[in-house]
Amino acid sequence: MTMSDRVAVDRIARAVTYPGPGDSKYTRGVVSLLTGSARYPGAALLGVNAAARCGAGYVRYEGPAAARDLILLRRPEVVMGASLATHTDSWVIGSGFPSVSSRDLGQEDYALAVQLLASYAGNPDYWEGSLDGCLADGPKDDCKDGLDAHPKEAQEDRSRVRSEGHPEGASCPGDRLALHNSLRHLVKGTYCLVDAGALDFFAQAAANRPLTEADSLRHVVVTPHAGEAASMLTICGYGVTRQEVESAPRKYAKILADELECVVVLKGSPTIIYDSHSSHELLQLEATHWLATAGTGDVLAGLLGALLAQNASAMNKGDLDTQTVAAAGVFLHSLAAAIAAGDYNSQKALLTDPTDSRIHPMPAGHPICAMDVAQTLPAAIGLVLDSDWAALYRQSVIDNAAAGESDTDLPGFLR
Ligand SMILES: NC(=O)C1=CN([C@@H]2O[C@H](COP(=O)(O)OP(=O)(O)OC[C@H]3O[C@@H](n4cnc5c(N)ncnc54)[C@H](OP(=O)(O)O)[C@@H]3O)[C@@H](O)[C@H]2O)[C@@H](O)CC1
Ligand SMILES: Nc1ncnc2c1ncn2[C@@H]1O[C@H](COP(=O)(O)OP(=O)(O)O)[C@@H](O)[C@H]1O
């Protein structure tokens with residue numbers, strides 16, 4: 001039976017965190033975005049902007065020169081270059097891709113995309129067929145910093161990937177097996193947000209996965225809109241149109257999540273966040289409709305990637321689940337849009353109980369563009385951190401510390 005709940009601040013506050021004195025840029029979440037294309041460089045800027053503005057410790061970018069130039073002008077804090085060899089807690093793949101093809105992405109980014117997507121799809125062998133005819137060089141060697149922040153085992157995996165390179169560099173079967181194993185291991189401790197032009201490739205790899213590999217899918221969140229969900233469902237063997245998904249989004253979010261065994265964020269109004277592992281459905285009903293404008297999905301992808309990175313260690317310890325983190329991203333996206341648009345109805349509905357009859361209609365705001373949503377993310381995060389629910393959560397952290405844990409884990413303001 002499907003359990004259903006509204007996405008509300010009490011549910012998601014746990015995934016929105018303060019930095020503490022023990023934090024560094026590495027512990028606050030390293031997110032790597034493989035996004036944008038010569039055709040859609042703007043999508044890359046929107047995603048890195050969102051990731052940087054919502055508190056990731058470190059944002060890396062990999063993509064075409066047009067997007068890199070644009071990003072460096074607007075967000076100089078973003079570090080250029082990301083590969084299998086670099087330390088990362090999460091990947092964002094696909095916003096601004098027309099498709100996953102060497103023609104659209106260039107050979108190196110194509111090779112990186114297929115290896116990552118196939119591995120996260122629980123089908124690490126799938127990339128071999130996809131790379132046929134693509135003469136990829138070894139992974140880029142220009143981004144080795146940050147390795148010390150990960151455990152020794154993961155460092156060894158990255159070193160192996162570096163020295164053995166892409167599949168073409170690993171010619172004998174033993175090398176390939178070792179590389180496969182390293183890729184499998186790398187994707188297990190990290191998270192992946194799959195969006196836009198990477199969704200079909202991911203669905204294809206996941207639909208053909210061997211049953212033994214389903215675990216890596218637990219680390220994946222996919223963010224289709226109705227048209228993209230219809231295409232993914234068709235790949236999974238359901239002949240579904242966009243109109244059918246739009247008319248029954250809850251039904252199709254569940255089918256897609258169950259097929260792929262990952263968290264599905266089916267975007268629209270409402271947005272549905274479905275987790276096949278818990279059979280739990282979360283609904284975001286109160287987003288301002290000013291959000292319906294080009295590029296806001298790219299902002300959501302960057303924001304979700306950053307939240308996955310920030311919460312990776314809590315999720316790996318089992319203290320937090322991927323669906324809650326995904327719901328936190330959708331909530332913050334809606335709240336940031338409501339703030340940007342001056343839509344006080346939406347803001348109040350998000351932060352209080354919408355069935356409360358004391359809520360009176362208020363100004364419904366004005367148009368926004370996607371970059372405005374990225375700009376107001378810090379304010380949205382501040383509101384969540386100031387909410388009663390965040391206070392309650394902080395109190396539970398204090399109580400746990402008082403029950404025997406060291407207070408060095410507490411953020412400074414709590415000690
Ligand atoms: N600034 C940038 O760089 C931006 C880059 N972006 C990037 O662009 C890429 C493409 O993503 P996307 O979502 O724009 O197009 P996609 O899903 O391929 O649909 C294509 C066609 O499907 C139709 N159609 C779909 N939905 C419909 C509907 N509800 N109602 C009616 N028709 C609908 C419609 O075609 P029609 O049916 O009219 O022939 C439409 O032309 C992706 O990588 C994304 O990240 C964008 O984020 C924007 C900002
Ligand atoms: N009518 C609406 N009301 C509220 N939010 C909406 C509405 N329509 C779309 N959205 C939201 O806007 C965003 C659009 O994302 P997407 O379709 O991927 O656009 P793009 O690819 O142009 O970035 C999603 O977060 C979606 O949930």
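All ligand and atom numbering here is 1-based and tracks the order in the structure.
Atom 2 (C) of ligand 1 has its closest protein heavy atom at A43 N, 3.6 Å. For atom 45 (O) of ligand 1, the nearest non-hydrogen atom of the protein is G96 N, 2.8 Å. Residue, atom and distance of the protein heavy atom nearest to atom 47 (O) of ligand 1 are D298 OD2, 2.7 Å. The nearest protein atom to atom 11 (O) of ligand 1, hydrogens excluded, is given as E228 OE2, 4.6 Å; this is a heavy-atom distance. In terms of protein heavy-atom proximity, atom 16 (P) of ligand 1 is closest to H225 NE2, 4.1 Å. In terms of protein heavy-atom proximity, atom 10 (C) of ligand 1 is nearest to Y40 OH, 4.0 Å. Protein heavy atom closest to atom 32 (N) of ligand 1, with residue, atom name and distance, is R242 NH2, 3.2 Å.
Set against the non-hydrogen atoms of A196, the atoms of ligand 1 under 4.0 Å away are 42 (C), 43 (O), 45 (O). Of all atoms in ligand 1, numbered sequentially from 1 with element shown, those under 4.0 Å from a heavy atom of S95 are 45 (O). Annotation for ligand 1: atoms under 4.0 Å from non-hydrogen atoms of E246 are 29 (N).
Applying the side chain to side chain donor-acceptor pair (under 3.5 Å) test to T288 and every residue at least two apart in sequence or in another chain returns D343. In terms of the salt bridge (charged side-chain N to carboxylate O under 4.0 Å, His left out) criterion, residue partners of D258 (sequence neighbours excluded) are, by chain and number, K254.
In this structure, Y18 and D23 approach most closely via the heavy-atom pair O-OD2, 4.3 Å.
Side-chain contact between V79 and V59: absent, with no pair of heavy atoms (C-beta onward) separated by less than 4.5 Å. A 4.5 Å side-chain heavy-atom check between E286 and R6 finds at least one atom pair inside the cut-off.
Within a 4.0 Å radius of atom 23 (C) of ligand 1, the protein has no heavy atom. Under the 4.0 angstrom criterion, atom 34 (C) of ligand 1 counts as lacking any protein heavy-atom contact. Proximity of atom 19 (O) of ligand 1 to the protein is not indicated, since no non-hydrogen protein atom lies closer than 4.0 angstrom. Remark: atom 14 (O) of ligand 1 lies closer than 4.0 Å to no protein heavy atom. Less than 4.0 angstrom separates atom 4 (C) of ligand 1 from at least one non-hydrogen atom of the protein. Within 4.0 Å of atom 26 (N) of ligand 1, at least one protein heavy atom is present. In this structure, atom 41 (O) of ligand 1 has its sub-4.0 angstrom surroundings free of protein heavy atoms.
Taking the six-membered ring for Trp and thresholds of 30 and 60 degrees, F201 and Y126 have ring planes more than 60 degrees apart, a perpendicular arrangement.
For ligand 1, the polar-atom distance check finds an N/O of F97 within less than 3.5 Å of one of the ligand's N/O atoms.
At least one donor-acceptor pair under 3.5 Å links the side chain of N311 to the backbone N or O of A15.
Side-chain contact of Y238 with E259: a donor-acceptor pair under 3.5 Å is present, judged by distance alone. The closest side-chain donor-acceptor pair between T88 and T86, if any, does not fall under 3.5 angstrom. Side-chain contact, D89 with Q310: no donor N or O sits under 3.5 Å from an acceptor N or O. Remark: the D104 side chain and the S37 side chain contain no N/O donor-acceptor pair separated by less than 3.5 Å.
Y26 has its ring centre less than 6.0 Å from the ring centre of H87. Aromatic ring centres of Y120 and F202: separated by at least 6.0 Å.
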Donor-acceptor pairs are to be reported for all side-chain atoms of residues 50-57 against protein atoms at under 3.5 Å, with residues two or more places apart or in another chain.
none

Exercise for the section: Under the side-chain hydrogen bond (donor to acceptor under 3.5 Å, both in side chains) rule, what do S313 and N316 come out as? Steps first, then yes or no, please. Expected result: CA-CA 5 Å; S313 125; N316 287 333; over 6 Å; no
Give one line per pair: atom of ligand 2, protein atom, distance. Only N/O to N/O under 3.5 Å.
{"from": "ligand 2", "atom 1": "3 (N)", "to": "H289", "atom 2": "ND1", "distance (Å)": "2.8"}
{"from": "ligand 2", "atom 1": "12 (O)", "to": "L291", "atom 2": "O", "distance (Å)": "3.3"}
{"from": "ligand 2", "atom 1": "12 (O)", "to": "T296", "atom 2": "OG1", "distance (Å)": "3.3"}
{"from": "ligand 2", "atom 1": "15 (O)", "to": "G297", "atom 2": "N", "distance (Å)": "3.3"}
{"from": "ligand 2", "atom 1": "18 (O)", "to": "K267", "atom 2": "NZ", "distance (Å)": "2.6"}
{"from": "ligand 2", "atom 1": "22 (O)", "to": "G295", "atom 2": "N", "distance (Å)": "2.8"}
{"from": "ligand 2", "atom 1": "23 (O)", "to": "G295", "atom 2": "N", "distance (Å)": "3.2"}
{"from": "ligand 2", "atom 1": "23 (O)", "to": "T296", "atom 2": "N", "distance (Å)": "3.4"}
{"from": "ligand 2", "atom 1": "23 (O)", "to": "G297", "atom 2": "N", "distance (Å)": "2.7"}
{"from": "ligand 2", "atom 1": "23 (O)", "to": "D298", "atom 2": "N", "distance (Å)": "3.2"}
{"from": "ligand 2", "atom 1": "27 (O)", "to": "G268", "atom 2": "N", "distance (Å)": "2.9"}
{"from": "ligand 2", "atom 1": "27 (O)", "to": "G268", "atom 2": "O", "distance (Å)": "3.3"}
{"from": "ligand 2", "atom 1": "27 (O)", "to": "T271", "atom 2": "OG1", "distance (Å)": "3.1"}

